[in-house]
Q: 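Please see the structure below; I have some questions.
Chain A is the first sequence line, chain B the second, and so forth, proteins listed ahead of strands; every chain is numbered from 1.
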Amino acid sequence: MYEPVSNKVDFSESEQSVLEFWKENGTFLKSVEARKGADEFLFYDGPPFATGLPHYGHLLAGTIKDIVPRYQTMRGYYVDRRFGWDCHGLPVEFEVEQDLEISGKTQIEELGVDVFNERCRSIVLRYTSEWRSVVTRMGRWVDFDRDYKTMDPSYMESIWWVFKSLWDKGLIYEGKKILPYCPRCSTPLSNFETNQGYEDVTDPAITIRFKLKNEDNAYILAWTTTPWTLPSNMALAVGKDIVYARIEDKGSVYYMAKDRVSVYYRDEDEYDKMTELRGDELVGKTYEPIFPYFAHCSDEGAFRVLAADFVSTGDGTGVVHIAPGFGEDDYMLGMKEGLPAVCPVDAEGQFTDEVSDYAGRRVKEADADIMKRLKAEGKLVHRSTIVHSYPHCWRCDEPLIYRGISTWFVKVEQIKDRLVEANKEIKWVPGHLKDGRFGKWLEGARDWAISRNRYWGAPLPVWRSEDGEEVLCVGSIAELEKLGGREVKDLHKHHVDKIEIPSKEGRGMLKRVPEVLDCWFESGSMPYAQAHYPFENKDRFEAHFPADFIAEGLDQTRGWFYTLMVLSVALFDRPAFRNVVVNGMVLAEDGRKMSKRLKNYPDAMYMLDTYGADALRLYMINSPVVRAEDLRFSEDGVKHSLRHLLIPLWNAYSFFVTYANIDGWSAGDGSSGVSTNVLDRWIRSSLETLVADVATAMDGYDLQRSVRPFVRFIEDLTNWYIRRSRRRFWKSQDDDDKSQAYQTLHHVLVQLSKVAAPFLPFISESIYRNLRSEGSPESVHLCDFPIADGSFRDHTLEEAMSLVMTCVRLGRQLRSEHNLKVRQPLSVLHVVTRNSEIIDSIRELKDIIADELNVKKVAFGDHETELATLSAKADFRQLGPRFGPKVKVVAKAISEIPSNELERIVEGDSVSISVDGEEVELGPNDVVIERIPHDGLVVACEGQILVAIETALTDELVEEGLARELVNKVQNMRKEANLDVTQRIRVDVSGGEDIKRAVESNMEYVQTETLCVECSFPESSAGSEWEINGHPCRIEVIPVQVEA
RNA sequence: GGGCGUGUAGCUCAGUCGGUUAGAGCGCAUCCCUGAUAAGGAUGAGGUCCCUGGUUCGAUUCCAGGCACGCCCA
C-alpha cells in the first residue's frame, strides 16, 4: 500500500515536509559521505557578502550550483560543497560608519581602529541566518556548518601565503596609480566599483587662457571641467595632426583647434584675423603657470606644450590641460616627459598646505573660488556648465576624484600570456565568453591594484623601515611570531599593526605598511584559503586543484573569474577551474533592473510559498539566463512551469498511486519482466532516450538543454501513455497486461524521479519516497543517476508512435473540420501512404488509432492519387549545387511535371525532363513531393501520410453514439455527486424508444463504463434532464451497495 | 568612446552548419473532451525573422555598416 496521494497538492507544503525529512535524516551529508573514497568532483562556491539579503541573482546561481553537484553526486562522484562568506571590505565598513554616524579616515582613527574593526566583525555575519534559510528553502544543498569566512585566521594566513608567494616571484610592486578615489571613504575604488556609480551631473566647464612666453600677448586656450586641478597644471597637450587656429583679436593672439573656433566666435567678424597651423608647430612652446604654487616645477620641464594622441576636438578647445597627479592620461604623459606629478590633495580630498590659499578645503567646494580668482586675474575666458556622466562612490554617492595614490600592484601584464594560455583549458558556458568577453579582457589586462587604504580587511604582510630601505614580506603566522617575538592570534590590522620587527640592518624597528588587501584578492585566494593551504590539507589540495566546476553571474567576468585566474596562474601556472557556467542578469518583468524601491518584482519568499522551489528552479533553469542572457522575471512564467510540468507529473504519480492502492498492487521484487505491450515498450524506450539526452546535456554543462527534454517526456507520459493506458489499470481482471502496466508505470515514475532529482529535488523526492521498493536507498538523492539502457531503446517504435500521433492529429483535424464529434463512432479510417515501411511500422499500432479516433476499422492503402493530387517542387538543397544559376529554370520545369510522371519518381524511378533543350535526369531525392487533398473528400495529409474518414452512419453506429453520450452524462453525474471511483450505481433512464434501444444494445459497454449494476427504463424518473443527440431524457443515478 | 551579447508572432522564447510553407508555450477567437480537473485536446487569426548594403542561383541564417537594448570596461 502506497501513501495515498491527493491530486490536489500544495507544492509548497509538500516541499516543507521534504525539507523536514532531509533535516531529520541528515540526507545531504549522507549523500556526500556515501561517495567518500570515490573520485572527487571539485566545486568552488564564490563567497557573497553577508551584509545584504539574497536576491534572485543569488537564487539563480545557487540553483545552478545545486544542480550540477547533485548530478555529479548521483553519477558517483564525491562532491564537497562548502558555503563561503566574503566578510571584509568597504560595504561592511560603510555600514559601520553609518551605524556610528561617523565618516572618513580621521573620525575612524579618532574612534580607534580596534573599536572600528571589532564593530565590523560584529555585524558582518548579521544576515547569515536569513541566507541559510532562503538557500535551504530553495532546495540547495550546501554545507553551512563548515562554511569558510574570509576573516578566519586560517583563511587570512593563506592569503598571506598567496601574497608572499607572489612577492617571492617578483610579481608584487608598490607604485602610484591614478585611481578613482572617494574623498569621503578615503579610499581608491576598483574599476568594478567605480562603474557602479556613473550618474549624470552638472559640472562647471571653463576655458582658461595660458599666457605664452616669447610671444607678446599670445595665449593658448584650454578647457576643463575640474577647475580644482588647475593649481596642479604641469603642461598643455595638443594633437600633432590637429589643425589649430591662430586668431588675432583686439591685439591679443589666441590658439585653439580650428574645429572649435565656431564655439567661441559665432561669426568671423568677431575676430580680426585667423591663420592655420598644425599641432606640432605648437609643441615646445612654453607658458607662464596660472597659479604660483608649483612655479618652481619649470626647472623640471613643466609648463610646456606637448603632443599627445588622446587629444581630440570633440569638446573644449582641442588643447588639454595636463595635471599628472589627477588624470590617468595626464600621468602617463607626465611619466614619459619627466614631469612631476604634484598632488596637493590629502586623503580626505582637501587641499594641502602646498596650495596655501585653499588649504584644508574640499577640492570640489573650492571650484567656485578658483574660478572667481581666475576671472579676477583675467585668465578665465569662458564659463558655462556641462551635463555629463561622472562616476560617484557606489556606497556613499560622493563624486569621485581621480588622483595619484600609492598603491600595491600585482604584475598582471607580466603574466598575461600565461593567463591567455590557461584560459584555453577552460570550458565556458556559453562558449562565446571564452574568446569573447573574458578572452578579450585577458588580452588587454593591466596590472591589478590590490591594496586599499582602509581598515577592515586582510593587512598587507609587509613591514618596512622608516627610511623605506628595508622591506620584509611575512608569509605565515609562525613567521610573524618569530620575527615579532610575540604570539599572534588575529591577523587583522588593529592587531598586527602593533607588532614591530627589529631591523637586521640596524634601521630601527620595521613597521607594517598601512594598507589592507582588496577583498577581490581575498576571494580570488579562495581555493587555497578555504583549505588553509599550504599549512593544512597540502596533499589533498595539490591532488585536486583546479576545480571541476564553478558558476556565477556574468558580472563576475572581471570579478571573481578574473581574480581566481590571475592568482592561480601566478601561483601554479594553471587555471583555477575547468568548467564554468555563467548566468545572465535577472531583470524585472518590465525589463529594468529589479529595484526594491520600485517594487517591480514579486518577493522571493512569496514565490516560494505560492508555487514552491521546484517551480521557481525549473522556470529559471529552463530559460536562456543559464546561458548568460538576461531574464525578465515573470510570475506567470513560474506559474507556467508549475502547470505544464509539475502538475502533470504529480497527476501521473497520483494516478498511479490511486489505482495501485485500489488493486493492492505493489512493486514486486525482481520480476521486472520485459513487457510485451507496445505502449509499455514505447514509454520505456522514450524514458531511455530521456535519460540519454539529459545526461549528454548535463555532461556538457548545458542546463537549459538538459531540462528541455522533460517537457516532451511529461507530455508523452501523461497525454499519451497514461491516457492510452487508463483502461488497462481500470479493468477488473488482474491479468498479465494489468500487471505489466503497473510495473511499467511504476518503473517509469521511479526512474523519472531519479533523472529529475538534480533539477526538481522536492517533487522527485516525494515521488521516489512513496514508490521506492524495500531495500532501495531512503532518498532519491542517494540513488545513482540512471544510465541509459540501450537494450530498451527502440527507435523504430518511437518513430512509429510519432507517426501514429500524426495520424491521430490528422483524424481529429478532419472530425473537427467536418463537425463530427469524437463520441460518434465512425466506420472506417483510411491511412494512405506509398511508403510501405510506414504502413508496416504503424500496422501494429492501428488499435490505438482506432480507439483514439473512435472508428471501427483502420484500413491501410497505397493509392494516394485517388485521394490527392501530387505536385512537385525542386529540392534546392540538392539541385542548387548541381545547377547553380540554372536552378530557377529547372525548378520551374519541375513544378510543371505532370502527376503521372511524378508517380514514377515517387516509386523510385528517375525521370528525364527537358530544360532549355537540355535533358535533365531527376531522381526521387531531387524533388519534394507535395500532396493536395482532393476537394470534397474528408482527407487530410502531412508529409507522406494521408488520412481519410468515411462519414456514413449505420443504425448501429448511431445507437452506439447515443450510448456513449449517455455514459458521458452519467459520468458527469457521478462526479457531480462526488461518488468514489469504485462506487457501484443503478441508473434509471426515461426517454424515448431510441435511447432505450441504444442502451440495451450496448448494455455491457454502459455497465462497465459507469460501474452500473442495473439499468432500468421507467416511464418517468426523478432524475435530471438531459438532451442526448436531440433526444430529451431524464437520468437518475443511484448509488448501491454491492456484496463483496 | 571600446569590448561582448541580444534583437524571430501581442508576450516569453526555440530554431535555421544558407534551400523557397520559420516553430512552441502563453494570451485571443471558435470548438471538442471531461475518472489528470490549480486540468486536457483541436482549429483559426497573428511574422518585412531590427534596418541598409554585400556575397550567392537562393540570406531570417554568412559578411560589412547602422539602429535599439543589456552587461562589462573606459
Q: Taking any strand in view, what nucleotide pairs with B/G18 in a Watson-Crick or G-U wobble way, both distances under 3.5 Å?
A: none
Q: Quick one: A/Asp875 CG to B/C57 P, roughly how many Å, whole number?
A: 18 Å
Q: Now, which nucleotide makes the Watson-Crick or G-U wobble pair with B/C69, with each of the two distances under 3.5 Å?
A: B/G5
Q: From OH of A/Tyr402 over to P of B/A74, roughly how many Å is that when rounded to an integer?
A: 8 Å
Q: Report the base-pairing partner of B/A24 (Watson-Crick or G-U wobble, both distances below 3.5 angstrom), or none.
A: B/U12
Q: Let's see if you can work this out: which of B/C71, B/G35, B/U43 has an atom nearest to the side-chain heavy atoms of A/Leu554?
A: B/C71
Q: Rounding to the closest angstrom, what is the interatomic distance between B/A14 and B/A9 at atom P?
A: 12 Å
Q: Can you check whether A/Arg437 has a side-chain N or O nearer than 4.0 Å to OP1 or OP2 of B/C4?
A: no
Q: Of the non-hydrogen atoms in A/Pro4 and A/Val657, which two are nearest, and what is the gap between them?
A: CA-CG1, 4.1 Å
Q: Among all residues two or more places apart in sequence or in another chain, which pass the salt bridge (Lys or Arg N to Asp or Glu O under 4.0 Å) test with A/Arg974?
A: none
Q: Please identify each residue that fulfils salt bridge (Lys or Arg N to Asp or Glu O under 4.0 Å) with A/Glu635, with sequence neighbours left out.
A: none
Q: Determine the interatomic distance between P on B/U30 and the same-named atom on B/U12; round to the nearest Å.
A: 26 Å
Q: Between the side chains of A/Arg964 and A/Glu1009, is the shortest nitrogen-to-carboxylate-oxygen separation below 4.0 Å, so that they form an ion pair?
A: no
Q: Suppose we call two aromatic rings close when their centres sit under 6.0 Å apart. Are A/Trp428 and A/Phe561 close by that rule?
A: yes
Q: Just to be sure I understand the rule, does A/Arg812 reach a base, reach only the sugar-phosphate, or reach nothing, if contact means heavy atoms closer than 4.0 Å?
A: sugar-phosphate
Q: Rounded to the nearest angstrom, tell me the gap between atom CG in A/Asp435 and atom P in B/G5.
A: 10 Å
Q: If you measure from the C1' atom in B/C69 to the same atom in B/U55, how many Å do you get, rounded?
A: 29 Å
Q: In whole Å, measure the gap between the P atoms of B/C57 and B/A42 for me.
A: 43 Å
Q: For A/Leu400 and B/C73, what is the distance between atoms CG and P respectively, to the nearest whole Å?
A: 14 Å
Q: Would you mind reading off the distance between A/Met805 atom CE and B/G41 atom P, rounded to a whole angstrom?
A: 12 Å
Q: Taking the six-membered ring where the residue is Trp, are the ring centres of A/Phe656 and A/Tyr2 under 6.0 Å apart?
A: yes
Q: Would you classify A/Gly637 as touching base, sugar-phosphate or nothing, given that sugar-phosphate means primed atoms plus P, OP1 and OP2, and contacts are heavy atoms under 4.0 Å?
A: nothing
Q: Would you tabulate the nitrogen or oxygen pairs shorter than 3.5 Å linking the protein to nucleotides 30-33 of chain B?
A:
{"unit_1": "B/C33", "atom_1": "OP1", "unit_2": "A/Arg823", "atom_2": "NH2", "d": "3.2"}

Q: Nearest to the side chain of A/Tyr659, which nucleotide is it out of B/G35, B/A74, B/A42?
A: B/G35
Q: Quick check on RNA chain B: between A/Ser654 and A/Leu879, whose nearest nucleotide comes earlier from the 5' end?
A: A/Leu879
Q: Could you tell me which non-hydrogen atom of A/Leu814 sits nearest to which non-hydrogen atom of A/Ala948, and how far apart they are?
A: CD1-CA, 4.3 Å
Q: Restricting to ring pair (Phe, Tyr, Trp, His ring centres under 6.0 Å), what partner residues turn up for A/Trp223, sequence neighbours left out?
A: none
Q: Just checking A/Thr557: base, sugar-phosphate only, or nothing, at a heavy-atom cut-off of under 4.0 Å?
A: nothing
Q: Looking at B/G58, which nucleotide sits across from it as a Watson-Crick or G-U wobble partner, both distances under 3.5 angstrom, or is there none?
A: none
Q: Name the residue closer to the 5' end of RNA chain B, choosing between A/Lys873 and A/Ile722 according to the nucleotide with the nearest heavy atom.
A: A/Lys873
Q: The criterion is ring pair (Phe, Tyr, Trp, His ring centres under 6.0 Å); which residues satisfy it with A/Phe713, sequence neighbours excluded?
A: none
Q: Given the C1' atoms of B/U61 and B/C50, what is the spacing between them in whole Å?
A: 15 Å
Q: Could you check which nucleotide pairs with B/G40 in any of the strands shown, counting Watson-Crick or G-U wobble with both distances under 3.5 Å?
A: B/C32
Q: A/Arg877: what forms a salt bridge (Lys or Arg N to Asp or Glu O under 4.0 Å) with it, not counting sequence neighbours?
A: none
Q: Are any of A/Lys440's side-chain N or O atoms less than 4.0 Å away from OP1 or OP2 of B/C72?
A: no
Q: The criterion is ring pair (Phe, Tyr, Trp, His ring centres under 6.0 Å); which residues satisfy it with A/Phe310, sequence neighbours excluded?
A: none
Q: Under a 3.5 Å cut-off for both distances, is B/A64 Watson-Crick or wobble paired, and to whom?
A: B/U52
Q: Which pair of non-hydrogen atoms, one from A/Leu679 and one from A/Arg728, has the smallest distance, and what is that distance?
A: CB-NH1, 4.3 Å
Q: How would you list, by chain and number, every residue that makes a ring pair (Phe, Tyr, Trp, His ring centres under 6.0 Å) with A/Tyr721, sequence neighbours excluded?
A: none
Q: At a cut-off of 3.5 Å, list every protein nitrogen or oxygen paired with a nitrogen or oxygen from nucleotides 22-29 of chain B, distance to 0.1 Å.
A:
{"unit_1": "B/G25", "atom_1": "O2'", "unit_2": "A/His640", "atom_2": "NE2", "d": "2.3"}
{"unit_1": "B/C26", "atom_1": "OP1", "unit_2": "A/His644", "atom_2": "NE2", "d": "3.3"}

Q: Considering only nitrogen or oxygen atoms on both sides, find all protein atoms under 3.5 Å from nucleotides 10-15 of chain B and state each distance.
A:
{"unit_1": "B/U12", "atom_1": "OP1", "unit_2": "A/Arg632", "atom_2": "NH1", "d": "3.3"}
{"unit_1": "B/A14", "atom_1": "OP1", "unit_2": "A/Arg627", "atom_2": "NH2", "d": "3.1"}

Q: Mind checking side chain to side chain donor-acceptor pair (under 3.5 Å) for A/Gln1007 and listing every partner two or more places apart, or none if nothing turns up?
A: none
Q: As an exercise, state the distance from CZ of A/Arg712 to CD of A/Glu715, rounded to the nearest 0.5 Å.
A: 8.0 Å
Q: Can you measure A/Arg558 atom CZ to B/C73 atom C1' for me and round it to whole angstrom units?
A: 5 Å
Q: On a whole-Å scale, what distance lies between the C1' atoms belonging to B/G41 and B/A24?
A: 16 Å
Q: Under 6.0 Å between ring centres: does that hold for A/Trp650 and A/Tyr653?
A: yes
Q: CZ of A/Arg984 versus C1' of B/G35: gap in Å, rounded?
A: 14 Å
Q: What interatomic distance, in whole Å, is found between C1' of B/A64 and the corresponding atom of B/C72?
A: 25 Å
Q: Take atom P in B/U43 and the same atom in B/C26, then report the distance between them in whole Å.
A: 13 Å
Q: For A/Gln983, report the nucleic acid contact type (base, sugar-phosphate, nothing); a contact means any heavy atom under 4.0 Å.
A: nothing
Q: Salt bridge (Lys or Arg N to Asp or Glu O under 4.0 Å) for A/Arg724 and A/Asp851? Distances and angles first, verdict last.
A: CA-CA 9 Å; A/Arg724 293 294 334 138; A/Asp851 191 56; 2.6 Å; yes
Q: Between A/Leu442 (CG) and B/G2 (P), how many Å, whole number?
A: 22 Å
Q: Set out, line by line, the N/O atom pairs under 3.5 Å between protein and nucleotides 59-66 of chain B.
A:
none

